[in-house]
Each structure stands twice: as C-alpha cells, then as structure tokens.
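Written below as structure tokens is the structure these notes are about.
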Amino acid sequence: MCGIVGLMANESVNQLIYDALTVLQHRGQDAAGMMTWDEGRFLLRKNNGLVRDVFHTRHMKRLQGHVGIGHVRYPTAGSASEAESQPFYVNSPYGITLAHNGNLTNSDQLKQELFSSDLRHINTSSDSEVLLNVFAHELGKQGVTLTPEDIFDAVRRVHRRCSGGYAAVSIINGFGLVAFRDPHGIRPVVYGIRETAEGQDVMIASESVALDVAGFELVRDLAPGEAIFVDMDNNIHTQMCADKPRLTPCIFEHVYLARPDSMLDGAYVYGTRMQMGRKLGDRIQREWPDHDIDVVIPIPDTSRTTALELAQHIGVTFREGFMKNRYIGRTFIMPGQTQRKKSVRQKLNAIASEFAGKNVMLVDDSIVRGTTCKQIIQMARDAGANKVYFASAAPAVRFPNVYGIDMPVATELVAHGRTDAEVGELIGADRLIYQDLDDLKAACREVNPALDDFDCSVFDGNYVTGDVDEAYLAALEAARNDAAKSGRESLNAVVDLHNDSEDD
C-alpha cells in the first residue's frame, strides 16, 4: 500500500501536502516524495525515509507553487531503492507527473507494449512508471490543447489497457490536476474542498483523514472507474471513464491498512472495526459459551477498537497489556523477514501485572506470517499468563495479494495449506479464533449497507479483476519470496552507496 495526495489551492501547497503525507505515513514508511508546479516548472523532492526525514526546510523552500502531488511508499512491485520512490515524471507530452497507490497485474505486458508499440522506455521496475507512461501515451493522442473531455477520454483508454487495483494523482503541465480510480474501486481515493477568501481549494487523497487535518470538507469517494480533473481556475470536472465499473473495495483496508478516523466508501473505519469485535464476540458465545477468558488484551494499535468491543460484548474485562514504542514502524510493512523478527520485542513490552495468573485473550487485526503473533504469545507467557488465547479480527490469510499490498507469497503465509487448529499450534496459542469471512463483510455493510461486495482475495483466493491465474501466482512467488527480496535489498544497498553524493 501507499498513500497519495493531490492539491490545487490558491496558496503555496507545500506545507499542506507535507501535513497530509504525515497523516498518511501509516500507508508507507519506505520513501516519501512531493512534486509541485510553479509557472511551467516542476519541482521535485523524493528520497527513502519518513516524511519528516525526507523534507527539510531547504527542500520546502524550493517546492513552490499552488499545485502539487505527494506520495508515501513502501515497496510492493519493484525494489526499495530511492529510484523507485514517487512521484514519477515524463516530459512528453506536455510534461506530466504521477503518483500511484496499488499494483498493475498486467505490468509486464504493458512494458512490452510501451517499448514496441508506444516507443516509450521504462527506466525502473515500478509499475507506477508504467501507469504514468500509459497515461502519457494516451494523452498524447489528444493534440496540443486539452479539454476536460480529452483528459477523460485518455483515462478511459488507460482503464481499457490497465488491469489491477490503482488510484493515481497527476499534474499535467499548464492544464491542471487529475486523479482516477480503477474500475473495481479496489484502492481508495477521496476528494474534498475548502472555501477561502481567495476561492475554492481542492484536495484529493487516499484517506479522508488527510482532508480533515487540512480543514477540507469531504465531498465523496471517487467512484470505481471515475476520474476528476481540477483545471487551473480550480474548477472541478468529474466523469465516469470505465466501461463496466463495479465497486469491490479492498476489505483489508478496514481490517488493517486505513486509519480508524478515516471514512472509506461511505464507511467509517472505526465503525467497521467495532462491528468486527461484535462479530467475534458472537462467534465466541456461539462456539465457546463456557469460555474461561479472564481478560481481553489488544495488540496495539490497529486491533484496539475491535478488542474493546469484543470484551464488552462477551462481558470480560478489557486491559492494555502491551506498551508500544512509537518510534518503531509497522512490522507488517517492514521489508525483509529478519527486520520483522527483530522489531517485535523492540516495538512491544508486556505489563506483567496484566498477565500474571490469568487466562488471556489476545486480539490482533490479522495473522499473516505468524511470526509476530508467535513472539507476542510467548511474551504473554513470559509475563506469567496461565493460558493464552488468540483472536483475529480477520479470517485466515491464505492467498497472496496482487493489488498493492506487499503480503508474502502463499508458501510464506502461516495459514496456507493449514487448518485453524494447526495454525494455533504453530503460533503457540491455547486456542485460536478467526473471524468468519461473511461476518467480516457484514461488519462493513452494517456501517454502510450500500457496500455490496469486496475484494477479499487474500482470504478466499477470488481475484476480482479476473486475470490472475496459476501462472501469474507462480511468477509472483518467484519475485516476492524472502530469498528474492534479500537479494534485491543487497543490490539496493550497493546502488544507494553509489548515490550517496545526492543532496540530502
């Protein structure tokens, strides 16, 4: 996952974009970037690191202009080198820059088409650069000047060529700000407005929380397949650009990815996570009515809302049993299994008095590799817990994600090919309870009944774009397994060493 933001304002946008990227930092901690437009010039700053580390005062002074886009990244397809950070830029036609959240499932095919038919060179392994070049090629068919309809026609052809989950923001030199969402609405994107004395400002972002902190009023989500164009006079134009749009948003956004104070597709994430706790509570009461749980403890931070609601629903005491080091990143999105293992005990510390002699129910948002929860269960035992039960707010993750979440390949998922009991034994839990998939969907629908269906591919193996087969997954396995990633990280270290002369 990544975070994107685009802004057209009546003032300098650099600080507003910086603030938005800061609150979207949970979506990517590998790299950050910002590009602004000022009187026909694009101004860029991007690098590996957190937002606060990438942008210093001297960079902010240079990023002038009233139009801009920003990006926070963690590596999905491609490497973690600085060259892969976003936004990307092409000078033809017009001068176009783009930032992207998601993953193109037909990226390799598009690369070949871009080279052989479109005569365009791709310089990185990032599918975001592929998406930019497809968009640029389609825009180039429109002529010297562009109308909103011309831009929407280009986006329409992008949708016909590109498959996968994607949300993108782009600046077209001299014309304005563009954003579009894939025809299935897998990856989220919203827009809002702010009225000032100088006129209307427009912000586009991955999550509504980015709008909140800047004082923008949320208008709505972009519909699947829809595009928005904000011209240089800050006028908003929108149009449906997909032939057969269907809203199937990624349900894992509600489980883990999004902030609880965000609203996605008309559903507050906080509300959906509360409902997940109630559904888990119902399952415990139904399947384990004579449970001996003394205390419910969340694994911070994502599961806290679910755990509190679960505890209240089954009438058990809720306690905070782990203290979190706020200066350690999210373990799920850390590159490399070695770093994930190392970070768990650095990130969490148990409060022994909350565990000693008790039967403890630990609650987490999901179980992916099983590495983190296994260590946490052992931490609970070391702190004196009598029994340690484990509840997951999500169903068992048995399939890889292909739409922009860097989950492990199937063979590295702890639940792949194993029963729930086998997973529980492997992670060291006295009892393991997963959320039922139908209950997870219902939890989201109870917050917004208009949400008819979702992308649940990591749970059920049903890939909504219809183009993911065994051959694709086998190629993904080869590219994403830990051995392949370790090799890329070593190569990137060499590349970054040679790039040390860059002005930081």
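Atoms considered below: every heavy atom in the structure, side chains included; atoms not considered: hydrogens, waters and symmetry mates. Remember, it's a predicted structure, so these values are computed and weren't measured experimentally.
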Least distance between heavy atoms, Ala31 atom then Asn48 atom = CB-OD1, 3.7 Å
task = May I ask you to decide whether Asp453 forms a salt bridge with Arg246, counting only side-chain N to carboxylate O separations under 4.0 Å?
result = yes
task = For residues Gly68 and Ile171, report the shortest heavy-atom separation together with the two atoms involved.
result = CA-CD1, 3.6 Å
Between NE2 on residue His254 and SG on residue Cys444, distance to nearest 0.5 Å = 5.0 Å
request  = Keeping the roles fixed (side chain from Ser366, backbone from Val368), state whether a donor-acceptor pair exists under 3.5 Å.
outcome  = no
inquiry  = Exactly one of Arg220, Arg445, Arg181 should register a salt bridge (Lys or Arg N to Asp or Glu O under 4.0 Å) with Asp265. Which one does?
reply    = Arg181
message = Pair Ser163, Thr105 - check side chain to side chain donor-acceptor pair (under 3.5 Å), show working.
response = CA-CA 6 Å; Ser163 182; Thr105 52; 3.2 Å; yes
query = Heavy-atom distance under 4.5 Å between the side chains of Glu412 and Arg369, does that happen here?
reply = yes
ask   = Between the side chain of Asn234 and the main-chain N/O of Gln200, is any donor-acceptor distance below 3.5 Å?
value = yes
inquiry  = Looking at Ala474, is its backbone amide N or carbonyl O close enough to the side chain of Glu477 to form a donor-acceptor pair, meaning the two atoms are under 3.5 Å apart?
reply    = no
task = Look only at the side chain of Tyr18 and the backbone of Met60, and say whether a donor-acceptor pair between them is shorter than 3.5 Å.
result = no
query = Closest heavy-atom contact between Asp301 and Lys324?
reply = OD2-NZ, 3.2 Å
request  = Flag the pair Arg278 and Glu309 as a salt bridge only when some basic side-chain nitrogen lies within less than 4.0 angstrom of an acidic carboxylate oxygen.
outcome  = yes
task = Of all the heavy-atom pairs spanning Thr306 and Ala393, show the shortest one and how long it is.
result = CG2-CB, 3.9 Å
message = Suppose we call two aromatic rings close when their centres sit under 6.0 Å apart. Are Phe180 and Phe135 close by that rule?
response = yes
inquiry  = Main chain of Leu104, side chain of Ser107: is a donor-acceptor contact present, judged purely on distance under 3.5 Å?
reply    = no
inquiry  = With a 4.5 Å cut-off on side-chain heavy atoms, are Ile236 and Ile228 touching?
reply    = yes
query = Just wondering, more than 12 heavy atoms not from Tyr270 lying within 6.0 Å of its OH?
reply = no
ask   = Does a side chain donor of either Glu84 or Ser126 reach within less than 3.5 Å of an acceptor in the other side chain?
value = no
request  = Look at the side chain of Asn235 and the backbone N and O of Asp231, then say whether any donor-acceptor pair between them is shorter than 3.5 Å.
outcome  = no
ask   = How many angstroms lie between atom CG of Asp436 and atom CG of Leu440, to the nearest 0.5 angstrom?
value = 9.0 Å
ask   = Just by distance, with hydrogens left out, do Gln142 and Asp150 show a side-chain donor and acceptor under 3.5 Å apart?
value = yes
request  = Taking the side chain as every heavy atom from C-beta outward, state whether Val255 and Leu257 have any pair of such atoms under 4.5 Å apart.
outcome  = no
note = Smallest heavy-atom separation, Leu413 atom then Pro408 atom, equals CD2-CD, 3.9 Å
query = Any side-chain heavy-atom pair from Val269 and Asp261 closer than 4.5 angstrom?
reply = no
ask   = Is the OH atom of Tyr472 crowded by more than 12 outside heavy atoms at less than 6.0 Å?
value = yes
query = Would you say the side chain of Phe175 lies within less than 4.5 Å of the side chain of Met232, judging by non-hydrogen atoms?
reply = no
task = Please determine if Arg157 and Asp118 form a salt bridge, counting it only when a charged side-chain N lies under 4.0 Å from a carboxylate O.
result = no
task = Using atom types as modelled and distance alone, determine if a side-chain donor or acceptor of Gln15 lies under 3.5 Å from a backbone N or O of Ser12.
result = no
ask   = Taking side chain as C-beta onward, heavy atoms only, is Val130 less than 4.5 Å from Cys162?
value = no
request  = Test Asn133 against Ile122 for side chain to side chain contact (heavy atoms under 4.5 Å, CB included), laying out the working first.
outcome  = CA-CA 8 Å; Asn133 276 271; Ile122 304 301; 3.5 Å; yes
inquiry  = Looking at Asn401 and Val458, would you say the former's side chain and the latter's main chain have a donor-acceptor pair under 3.5 Å?
reply    = no
note = Partner of Ile69 under side chain to side chain contact (heavy atoms under 4.5 Å, CB included), picked from Leu177, Thr36, Ile4, is Leu177
ask   = With the threshold set at 4.0 Å, does a side-chain nitrogen-carboxylate oxygen contact exist between Glu446 and Lys279?
value = yes
Candidate pair Leu7 and Val202, rule side chain to side chain contact (heavy atoms under 4.5 Å, CB included), full reasoning = CA-CA 6 Å; Leu7 183 59; Val202 184; over 6 Å; no
query = Does Glu11 reach the side chain of His66, with side-chain heavy atoms less than 4.5 Å apart?
reply = no
inquiry  = Between His137 and Glu113, is there a side-chain donor-acceptor contact under 3.5 Å, judged purely by atom types and distance?
reply    = no
Cation-pi check, Lys46 onto Phe88 ring (under 6.0 Å, within 45° of axis) = yes
key: Any donor-acceptor N/O pair, Asn91 side chain to Gly95 backbone, under 3.5 Å   = no
inquiry  = Whether the Asp19 and Thr22 side chains hold a donor-acceptor pair (N or O, under 3.5 Å, no angle test) is what I'd like checked.
reply    = no
task = Could you walk me through whether Asp201 and Ile193 pass the side chain to side chain contact (heavy atoms under 4.5 Å, CB included) test, one step at a time?
result = CA-CA 6 Å; Asp201 298 339; Ile193 59 173; over 6 Å; no
request  = Assess whether side chain to side chain donor-acceptor pair (under 3.5 Å) is satisfied between Ser128 and Gln86, documenting all intermediate values.
outcome  = CA-CA 8 Å; Ser128 302; Gln86 300 182 42; 2.7 Å; yes
Rounded distance (nearest 0.5 Å) linking atom CG of Asp212 with atom CD of Glu217 = 10.5 Å
ask   = Does Val54 offer a backbone N or O that forms a donor-acceptor pair with the side chain of Arg45 under 3.5 Å?
value = yes
Min side-chain heavy-atom separation Val144-Tyr94 under 4.5 Å = no
inquiry  = Under the side chain to side chain donor-acceptor pair (under 3.5 Å) definition, can you give me all pairs with a residue in residues 182-193, not counting sequence neighbours?
reply    = Arg187-Glu253
Validation row, ring centre Phe459 to ring centre Phe399 under 6.0 Å = no
request  = Give the C-alpha distance, both sets of side-chain angles, the deciding distance and a yes or no for side chain to side chain donor-acceptor pair (under 3.5 Å) between His159 and Tyr166.
outcome  = CA-CA 10 Å; His159 287 326; Tyr166 52 90; 2.8 Å; yes
request  = Determine, step by step, whether Arg156 and Gln239 satisfy the side chain to side chain donor-acceptor pair (under 3.5 Å) criterion, reporting the C-alpha distance in whole Å, the side-chain angles of both residues, the deciding distance to 0.1 Å, and the verdict.
outcome  = CA-CA 10 Å; Arg156 189 171 291 110; Gln239 190 171 120; 2.7 Å; yes
remark   = CG (Leu63) and CG (Leu44) are apart, to the nearest 0.5 Å, by 8.0 Å
query = How long is the gap from CG on Leu211 to OG on Ser206, to the nearest 0.5 Å?
reply = 10.5 Å
message = Quick check: closest heavy atoms across Thr97 and Leu132, and the distance to 0.1 Å?
response = C-CD1, 4.4 Å
Interatomic spacing from CE in Met407 to CE in Met1 - rounded to 0.5 Å = 10.0 Å
request  = Decide, yes or no, whether a salt bridge links Glu207 with Arg259 under the criterion of side-chain N to carboxylate O below 4.0 Å.
outcome  = no
